[in-house]
S.K.: 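Let me give you the structure first, and then I'll get to my questions.
Keep in mind that what you see is a predicted model, and the values were worked out from it rather than measured. Below, each value reflects all heavy atoms present in this structure, side chains not excepted, and no hydrogens, waters or symmetry copies.
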Amino acid sequence: MTNLGDLEIFASVVTTGSMSLAGRALGFSPAVISKRIKRLEDRLGTRLLQRTTRQISLTEAGQGFYDRVLAILAGLEEAEAYIAGRSAQMQGTLKISAPTSFGRLHIAPHLKAFMHAHPDLAINLVLTDEFVDIVGGGYDLAIRIAELTDSSLVARRLALVRRVLCASPAYIAAHGMPEDIDDLRRHTCLPPHNNDPWRLDGPKGALIFRPEGRLITNSSEVVREAVIAGLGIALRSTWDIGPELKDGRLVQVLPAYEGSHSVTLSAVYPSRQFLPAKVRVFIDFLAELYGPVPYWER
């Protein structure tokens with residue numbers, strides 16, 4: 001039977017991407033780490049890692065083995081948590097990925113309450129608008145706003161996402177209110193930060209519209225500031241521009257059209273038979289916080 005310690009060493013090497021870093025974390029020298037990895041590969045009869053002088057990467061067999069090792073280690077963590085009675089008082093570090101704007105607006109302000117309830121649990125919140133490799137990056141979970149298609153991950157929907165076309169009153173006063181979807185072509189639009197087309201649901205069903213404008217940016221927050229400043233029409237989530245819609249700094253354009261309703265706010269995590277208690281508790285916290293009707297829609 002494979003030594004459990006070898007599995008922990010293997011997982012640490014993959015997560016850190018370095019035998020030196022893994023050794024430092026586990027208290028072993030790089031030579032010991034290398035020897036244990038070789039022993040594991042010899043026992044399994046296959047190469048798990050490709051090693052160069054600069055980096056370490058998984059082989060195809062190594063990737064499949066790594067996914068299963070994570071499930072084993074997660075199951076052990078869950079078992080230990082059950083025996084130790086840690087379900088009510090989490091320990092360790094919870095590593096989370098979330099979209100930049102959403103994380104700043106709707107996760108960061110609520111961390112104090114969560115961390116106060118679990119004083120022995122540390123949070124590593126990484127904000128990025130890119131889809132991270134959850135397994136390869138060592139994340140416990142990711143918060144995503146998207147149409148989810150990756151069947152290798154488990155997703156729990158936290159809330160529906162409503163996206164509306166909007167502009168500032170100053171822009172509408174200067175350029176007029178669009179009367180139909182084709183009328184948008186004579187207006188200045190603000191493409192999303194990833195330059196994807198707008199996927200809309202309208203009276204006649206789903207449609208795709210490719211916005212064109214003079215401002216191109218890799219920042220969703222720049223698009224937000226641009227539409228408030230009156231530079232054009234944008235498709236924005238209500239969680240992002242709710243206050244501006246309520247106080248009149250933005251007005252909805254073509255209310256019969258909204259962003260695709262298949263886009264959801266979800267917590268995504270590796271497909272594991274046993275979900276670590278710290279992950280489950282945080283997901284439950286967000287689900288209760290946002291509720292059936294998110295507070296930004298009330």
S.K.: Measure from the ring center of Phe285 to the ring center of His110 and say whether it is less than 6.0 Å.
M.R.: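 No - the distance between ring centres of Phe285 and His110 does not fall below the 6.0 Å cut-off.
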S.K.: Over 60° means perpendicular and under 30° means parallel, so classify the ring planes of His106 and Trp296, tilted if in between.
M.R.: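 Rings of Trp296 and His106: tilted, as their planes differ by 30° to 60°.
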S.K.: Tell me whether Met115 is reachable from Leu127 by hopping between hydrophobic residues (I, L, V, M, F, W, Y) whose side-chain heavy atoms are closer than 4.5 Å.
M.R.: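 Cluster IDs for Leu127 and Met115 match.
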S.K.: Is there a path of hydrophobic side-chain contacts, each under 4.5 Å between heavy atoms, that joins Ile33 and Leu58?
M.R.: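 Linked, Ile33 and Leu58 end up in one cluster.
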S.K.: Using a 6.0 Å cut-off, check whether atom CZ of Arg214 has over 12 heavy atoms from anything other than its own residue.
M.R.: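 Count not over threshold, so no.
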S.K.: Taking the side chain as C-beta and beyond, is there a heavy-atom pair between Val223 and Arg236 under 4.5 Å?
M.R.: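 The answer is yes, as the side chains (C-beta and beyond) meet within the 4.5 Å cut-off.
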S.K.: Could you walk me through whether Arg162 and Glu258 pass the salt bridge (charged side-chain N to carboxylate O under 4.0 Å, His left out) check?
M.R.: CA-CA 7 Å; Arg162 193 164 72 92; Glu258 293 190 352; 3.0 Å; yes
S.K.: Taking only residues at least two apart or on different chains, which pairs with a member in residues 20-45 satisfy ring-ring contact (aromatic ring centres under 6.0 Å, His included)?
M.R.: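 Pairs touching residues 20-45 that pass the test: none.
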S.K.: Ignoring hydrogens and geometry beyond distance, is a side-chain donor-acceptor pair present between Ser57 and Gln50 at under 3.5 Å?
M.R.: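 Distance-only check fails for Ser57 and Gln50.
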S.K.: Are Ile123 and Phe114 side-chain neighbours, meaning at least one heavy-atom pair lies under 4.5 Å?
M.R.: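 Side chain of Ile123 against side chain of Phe114, heavy atoms only: contact under 4.5 Å found.
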S.K.: Tyr269 and Tyr139: aromatic ring centres closer than 6.0 Å?
M.R.: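 Centroid separation for Tyr269 and Tyr139: 6.0 Å or greater.
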S.K.: Between Thr238 and Glu297, is a side-chain hydrogen bond (donor to acceptor under 3.5 Å, both in side chains) present by the stated rule, with each step listed?
M.R.: CA-CA 7 Å; Thr238 54; Glu297 289 283 359; 2.5 Å; yes
S.K.: How far apart are the C-alpha atoms of Ser262 and Ser260, what are their side-chain angles, what is the distance that settles it, and do they pass the side-chain hydrogen bond (donor to acceptor under 3.5 Å, both in side chains) test?
M.R.: CA-CA 5 Å; Ser262 60; Ser260 172; 2.8 Å; yes
S.K.: Are more than 12 heavy atoms, taken from residues, nucleotides or ligands other than Glu212, located less than 6.0 Å from that residue's CD atom?
M.R.: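 No, the 6.0 Å shell around CD holds no more than 12 heavy atoms from other groups.
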S.K.: Under 6.0 Å between ring centres, would you say that holds for Tyr171 and His187?
M.R.: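 Distance test on ring centres: under 6.0 Å, yes.
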S.K.: Quick one: do Asp6 and Lys38 make a salt bridge, cutoff under 4.0 Å?
M.R.: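 Between Lys38 and Asp6 there is no salt bridge, as every charged N stays at least 4.0 Å from the carboxylate O atoms.
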S.K.: Report yes or no: do Val164 and Leu254 belong to one cluster of Ile/Leu/Val/Met/Phe/Trp/Tyr joined by side chain heavy-atom distances under 4.5 Å?
M.R.: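 No, because Val164 and Leu254 fall into different hydrophobic clusters, even though each may have its own neighbours under 4.5 Å.
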S.K.: Is the count of non-hydrogen atoms from other residues, nucleotides or ligands lying under 6.0 Å from Lys204 atom NZ greater than 12?
M.R.: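 It does not: Lys204 NZ has 12 such atoms or fewer within range.
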S.K.: Can you tell me which residue among Leu111, Leu141, Asn124 is in a side-chain contact (heavy atoms from CB on, under 4.5 Å) with Ile96?
M.R.: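 Option passing the side-chain contact (heavy atoms from CB on, under 4.5 Å) with Ile96: Leu141.
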S.K.: With His261, which residues qualify under ring pair (Phe, Tyr, Trp, His ring centres under 6.0 Å), at least two apart?
M.R.: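 None.
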S.K.: So with a 6.0 Å cut-off around CG of Asn218, is the heavy-atom count from everything else above 12?
M.R.: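 Counting other residues, nucleotides and ligands, CG of Asn218 stays at 12 neighbours or fewer.
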S.K.: Is it the case that atom CZ in Arg24 sees more than 12 heavy atoms from other parts of the structure closer than 6.0 Å?
M.R.: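 Open: at most 12 neighbouring heavy atoms sit under 6.0 Å from CZ of Arg24.
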S.K.: Tell me, yes or no, whether the heavy-atom count around Arg104 atom CZ, taken from other residues, nucleotides or ligands under 6.0 Å, exceeds 12.
M.R.: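 Enclosed.
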S.K.: Treating Ser266 as the side-chain partner and Val268 as the backbone partner, does any N or O pair qualify as donor plus acceptor under 3.5 Å?
M.R.: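 Here the side-chain-to-backbone pair does not exist.
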S.K.: Answer yes if the side chains of Thr59 and Tyr66 hold a donor-acceptor pair under 3.5 Å, and no otherwise.
M.R.: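 No, no side-chain donor-acceptor contact under 3.5 Å.
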S.K.: Drop me the distance from Glu41's CD to Arg36's CZ, to the nearest 0.5 angstrom.
M.R.: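 That separation rounds to 13.5 Å.
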S.K.: Working note: Val132 + Val126, criterion side chain to side chain contact (heavy atoms under 4.5 Å, CB included); need CA distance, chi angles, decisive distance, verdict.
M.R.: CA-CA 10 Å; Val132 300; Val126 179; 5.7 Å; no
S.K.: So do the side chains of Gln91 and Leu121 get within less than 4.5 Å of each other, counting heavy atoms only?
M.R.: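 Sidechains of Leu121 and Gln91: no contact.
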